[in-house]
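The next block holds one structure in the form of structure tokens; read it before the comments.
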Amino acid sequence: MLTIPTIELNDGTAFPELGLGTYNLRGEEGIASVVAAIEGGYRLLDTAVNYENEREVGEAVRRSGLDRDELIVATKIPGRMHGFDEAIESTNGSLKTLGLDRIDLSLIHWPNPRHDKYVDTWRGMIELREQGKVRSIGVSNFTERMLTRLVDETGVTPAVNQVELHPYFPQQALRAFHDAHGIRTESWSPLARRSELLTEQVLHEIAAVHGVTPTQVVLRWHVELGSTPIPKSADPERQHENADVFGFALTPEQIAAISGLERGRLWDGDPDTHEEM
Ligand SMILES: NC(=O)C1=CN([C@@H]2O[C@H](COP(=O)(O)OP(=O)(O)OC[C@H]3O[C@@H](n4cnc5c(N)ncnc54)[C@H](OP(=O)(O)O)[C@@H]3O)[C@@H](O)[C@H]2O)C=CC1
Ligand SMILES: O=C(O)C(=O)[C@@H](O)[C@H](O)C(=O)CO
């Protein structure tokens, strides 16, 4: 079993440097994949109401037999549940579906700025944290301007901002903002959803130098940037490959070469315009 190192969030919580994405892991097969990941050493599980697999993730937590406090279960409030009361209702629903008595990390899934309710949603999450139903609170797909507004209007800085981040979209400016404000960056689609990224020549060259795979080079790049990647894999061997990135280090030149693959978002997931309910 691998040991995945942790960092400390701005609320004092120990948080893994790599976790498991669970988008599309559903049913008995999905449960088995999540159990395998936990047995392989994963301690951060990323789900969402909109993935329709909170039941499976909660069941995997129970089947793993691991002490509950060793795991970080993260879920997300969907756009249709924005607002103070709605955030509380959504979280109570997630607790029930997960079958757990605490959510370790709750995120606002998308800001949906046209509806302009994310500040009220955030206030609901602050209340949930005070009630102990949620341990850490954060956001996803927030821009610098949106993060600034949350802090200015509530005085509470998110612990995490989970955003699209991979070598095609390295998010340098947003990461610098996070670092300056004590917000942990989390990378979604860290492998660019497998796409053609893993065939890039530069990744193969760097992988050969270290005796690792191109996938491991990409995930190590996230770690070196100070972001927690949450690669999704249904397969225990690929889960192991993805998490086994703490035994080598990239040089500054290699990190720069990987960041040089930048070309933009995978799809039109721009938080200023994309709306997800
Ligand atoms: N907050 C947000 O708005 C968003 C959050 N997310 C979160 O981020 C997670 C990860 O992002 P996701 O979009 O799933 O994409 P990823 O970048 O994690 O890529 C997942 C794909 O890569 C494949 N894969 C995984 N490991 C390997 C490997 N070692 N070698 C070859 N192929 C591999 C998987 O296939 P296989 O399973 O067969 O191994 C799957 O097809 C999601 O699952 C979700 O939890 C994602 C999008 C948006
Ligand atoms: O997976 C998520 O968390 C999302 O927010 C979705 O937008 C997802 O990335 C998707 O299905 C986009 O095609």
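We count ligands from 1, going down the list as the structure has it; atoms in each ligand are counted the same way.
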Residue pair E164 / L266, side-chain heavy-atom distance below 4.5 Å: yes
Counterpart residues, salt bridge (Lys or Arg N to Asp or Glu O under 4.0 Å), relative to R184 (two or more places apart): none
Location of contacts on K76 toward ligand 2, heavy atoms closer than 4.0 Å: neither
Residue portion contacting ligand 1 (non-hydrogen atoms closer than 4.0 Å) for P190: both
Side-chain ion pair, E127 and R123, N-O less than 4.0 Å: no
Minimum non-hydrogen distance to atom 33 (C) of ligand 1, winning option of R193, R238, K76: R238
Sub-4.0 Å heavy-atom approach of W188 to ligand 2: no
4.0 Å heavy-atom contact, Q216 with ligand 1: no
More than 12 heavy atoms from other groups under 6.0 Å of CD on E196: yes
Sub-3.5 Å N/O-N/O distance, Y51 and ligand 2: yes
Ligand 1 atoms in contact with W110 (distance to a heavy atom under 4.0 Å): 3 (O)
Protein heavy-atom partner closest to atom 7 (O) of ligand 2 - residue, atom, separation in Å: E276 OE1, 2.4 Å
Option nearest atom 35 (O) of ligand 1 (shortest heavy-atom distance, choices H166, E276, R194): R194
Salt-bridge criterion met for E59 and R63 (N-O under 4.0 Å): yes
Atoms of ligand 1 close to A192 [distance to a heavy atom under 4.0 angstrom, numbered from 1]: 17 (O)
Check: D270 main-chain N/O paired with H274 side-chain donor or acceptor under 3.5 Å: no
Geometric class of the H166/F169 ring pair [parallel <30°, tilted 30-60°, perpendicular >60°]: tilted
Proximal ligand 2 atoms for W267, defined as those under 4.0 Å from one of its heavy atoms: 7 (O), 9 (O), 12 (C)
Ring centroid separation Y51 to H109 under 6.0 Å: yes
From L98 atom CG to N53 atom CG, the distance as rounded to the nearest 0.5 Å: 9.0 Å
Sub-3.5 Å N/O-N/O distance, H274 and ligand 2: no
Close-contact set for ligand 1 against Y51 heavy atoms, below 4.0 Å: 4 (C), 5 (C), 6 (N), 7 (C), 44 (C), 45 (O)
Within reach of ligand 1, part of L107 (heavy-atom separation under 4.0 Å): neither
Residue pair K76 / T47: nearest heavy atoms and the distance that separates them: NZ-O, 3.1 Å
Atom indices of ligand 1 within 4.0 angstrom of A234 heavy atoms, with elements: 36 (P), 37 (O), 39 (O)
Per-residue contact class, N24 against ligand 1 - non-hydrogen pairs under 4.0 Å: neither
Interfacing atoms of ligand 1 (cut-off 4.0 Å, heavy-atom, P231): 18 (O)
Within reach of ligand 1, part of S140 (heavy-atom separation under 4.0 Å): side chain
Side-chain (D244) to main-chain (L2) donor-acceptor, under 3.5 angstrom: no
Protein heavy atom at shortest distance from atom 11 (O) of ligand 1: S189 N, 3.1 Å
Ligand 1 versus I230: contacting region, heavy-atom distance under 4.0 Å: both
Ring-face cation contact, F15 with R43, 6.0 Å cut, 45° max: no
Salt-bridge contact R135-D69 (side-chain N to carboxylate O under 4.0 Å): no
Ligand 1 atoms in contact with E241 (distance to a heavy atom under 4.0 Å): 29 (N)
Side chain to side chain donor-acceptor pair (under 3.5 Å) assessment of R80 paired with N112: CA-CA 10 Å; R80 62 186 176 282; N112 290 7; over 6 Å; no
Any side-chain heavy-atom pair of K96 and T91 under 4.5 Å: no
Shortest non-hydrogen separation from Q162 to L107 and the atoms involved: NE2-CD1, 3.6 Å
Residue and atom name of the nearest protein heavy atom (relative to atom 17 (O) of ligand 1), distance in Å to one decimal: L191 N, 2.8 Å
Identity and separation of the nearest protein heavy atom to atom 47 (C) of ligand 1: W188 CE3, 3.2 Å
Heavy-atom nearest neighbour in the protein, as seen from atom 3 (O) of ligand 1, with distance rounded to 0.1 Å: N141 ND2, 2.9 Å
Flag, side chain of S90 to backbone of E86, donor-acceptor distance under 3.5 Å: no
Heavy atom of H109, distance to ligand 2 below 4.0 Å: yes
Identity and distance of the protein heavy atom lying nearest atom 42 (C) of ligand 1: Y23 CB, 3.6 Å
For atom 11 (O) of ligand 2, the protein heavy atom that lies nearest, with its residue and separation: Y23 OH, 2.6 Å
Residue, atom name and distance, where the atom is the protein heavy atom closest to atom 45 (O) of ligand 1: D46 OD2, 2.7 Å
Test item, R193 contacting ligand 2 (heavy atom, 4.0 angstrom): yes
Atom 26 (N) of ligand 1 - nearest protein heavy atom and its distance: N242 ND2, 3.0 Å
Options H109, K232, Q239, ranked by nearest heavy atom to atom 20 (C) of ligand 1, top entry: K232
